Amino acid sequence: MTATAKKAAGVAVFLFAVLVAVPGVLLHFGRGDLMSVMTTVALLSVISSGVWLTFYIGRINIGQGAYALTGGYVSAVLVVKYDMLFWWTLPIAGLFCAAVSVLIGLPILRLRGVYFAMVTLTLTEVARLFFQALPLTNGPSGITNIPPPKALTLGGVTVIPDFAELENLRLGFYYLAAVMMILCFAGMWRLVNSRLGFLCRSLQQNEELASSIGVNVPYLRVLAYAISSFLGGVGGAVFAAIVQSVYPSSFPIQESVNYMLYCFLGGLNYVFGPMLGTLVLYFGWDALFKAGEYQLPIFAAALIALILFLPNGLLSLRLPKRSGGG
């Protein structure tokens, strides 16, 4: 089997598992709670993929929660206060976050290492305080009673049904999150394997050298940061629709740290690292609840072991090749 055929087969298996097998099995066993968990994992991986992209240009981003919160509020305000269709608020929320990130990124992207990380860390808290003080967002009370997404019709044809009329609302949100995740990582893979992706990788290696050969370093930094923020905004908007509310504390600083950890766990050198890292860490953290007071020590020990033995993440694991003719 050729390499192309293997890739096509892998994509087909992945799509079948995400779109058919997982929801089918969960529905068969009546595990709606796990379907909600898988929906959350898919959305978290989308948001984390934006953090991964900033790592790809050599920046440590711990402020993704600020854009997720902004996206959630933009969508909620447009739906609740202006009666806009949810599906139109998704791109608006993402583009709004991207525009804000350009204004913020122009000065802060000149920073590197821990300096950039510390500045982005404060963004989440600044966003929380901003929305808490803004009258349009109802201050600390947040925005509640966000209605489920209504039907999207184009040319008289219903493209997406009214979620309020769905027999299984959890299944509807699962497919929304799953499709978003598939589109997100397909786009990320295409970006990384394009000329633009190779230029972004040069920033990670040596910005001065890249600039000396004609690479527009400031433009690439801002562009990558804008794409990252767009993904955070769209993910936050869907989260607000699922829980039907958004508060200033909906995306705390700990969430921004977790987005970074998902990328580390999966592997910073791999496009699909955030997806695997989110899946493993989310379920692993839930499993550690049974350890009680030993939860954090076990978690810390696991992270240290990962850094020591798998510094490039879980996707760097390679199974031993079979010897012989088999």
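Note that the structure is a prediction, hence the values are computed from the model and not measured.
Of the possible donor and acceptor atoms, none in the side chain of Gln64 sits under 3.5 Å from a partner among the backbone N and O of Tyr259.
The stretch residues 195-213 participates, sequence neighbours left out, in these salt bridge (charged side-chain N to carboxylate O under 4.0 Å, His left out) pairs: Arg59-Glu207, Arg112-Glu207, Arg112-Glu208, Glu207-Arg221. Sorted by first and then second residue, the salt bridge (charged side-chain N to carboxylate O under 4.0 Å, His left out) pairs involving residues 256-276 (not counting sequence neighbours) form an empty list.
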* Is there a side chain to side chain donor-acceptor pair (under 3.5 Å) between Thr158 and Thr153 once you walk through the steps? -> CA-CA 4 Å; Thr158 301; Thr153 58; 5.9 Å; no
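Side-chain heavy atoms closer than 4.5 Å link hydrophobic residues (I, L, V, M, F, W, Y) into clusters, and following such links, even through other members, never connects Val20 to Phe29. Hydrophobic cluster membership differs between Leu103 and Ile92, with clusters built from Ile, Leu, Val, Met, Phe, Trp and Tyr side chains linked at under 4.5 angstrom.
Considering OH of Tyr174 and CG of Leu19, their distance stands at 6.5 Å, rounded to 0.5 Å. The structure places CG of Asn258 at 8.5 Å from CG of Leu44, a figure rounded to the nearest 0.5 Å. Rounded to the nearest 0.5 angstrom, Ser316 OG and Asn269 CG are separated by 8.5 Å. A distance of 9.5 Å separates CD1 of Ile47 from OG1 of Thr278, quoted to the nearest 0.5 Å.
A ring pair (Phe, Tyr, Trp, His ring centres under 6.0 Å) with Tyr73 holds for exactly one of Phe251, Phe131, Tyr247, Phe130; it is Phe131.
For Trp189 and Phe185, the gap between ring centers reaches or exceeds 6.0 Å. Residues Phe163 and Phe173 place their aromatic rings such that the two centres sit under 6.0 Å apart.
Between Ser228 and Thr54, the side chains place no donor N or O within less than 3.5 Å of an acceptor N or O (distance only, hydrogens not considered). Side-chain polar atoms of Thr89 and Ser75 form a donor-acceptor pair below 3.5 angstrom.
No side-chain heavy atom of Tyr270 sits under 4.5 Å from any side-chain heavy atom of Leu276.
The two residues Tyr262 and Ser48 make their nearest non-hydrogen contact at CD1-OG, 3.1 Å.
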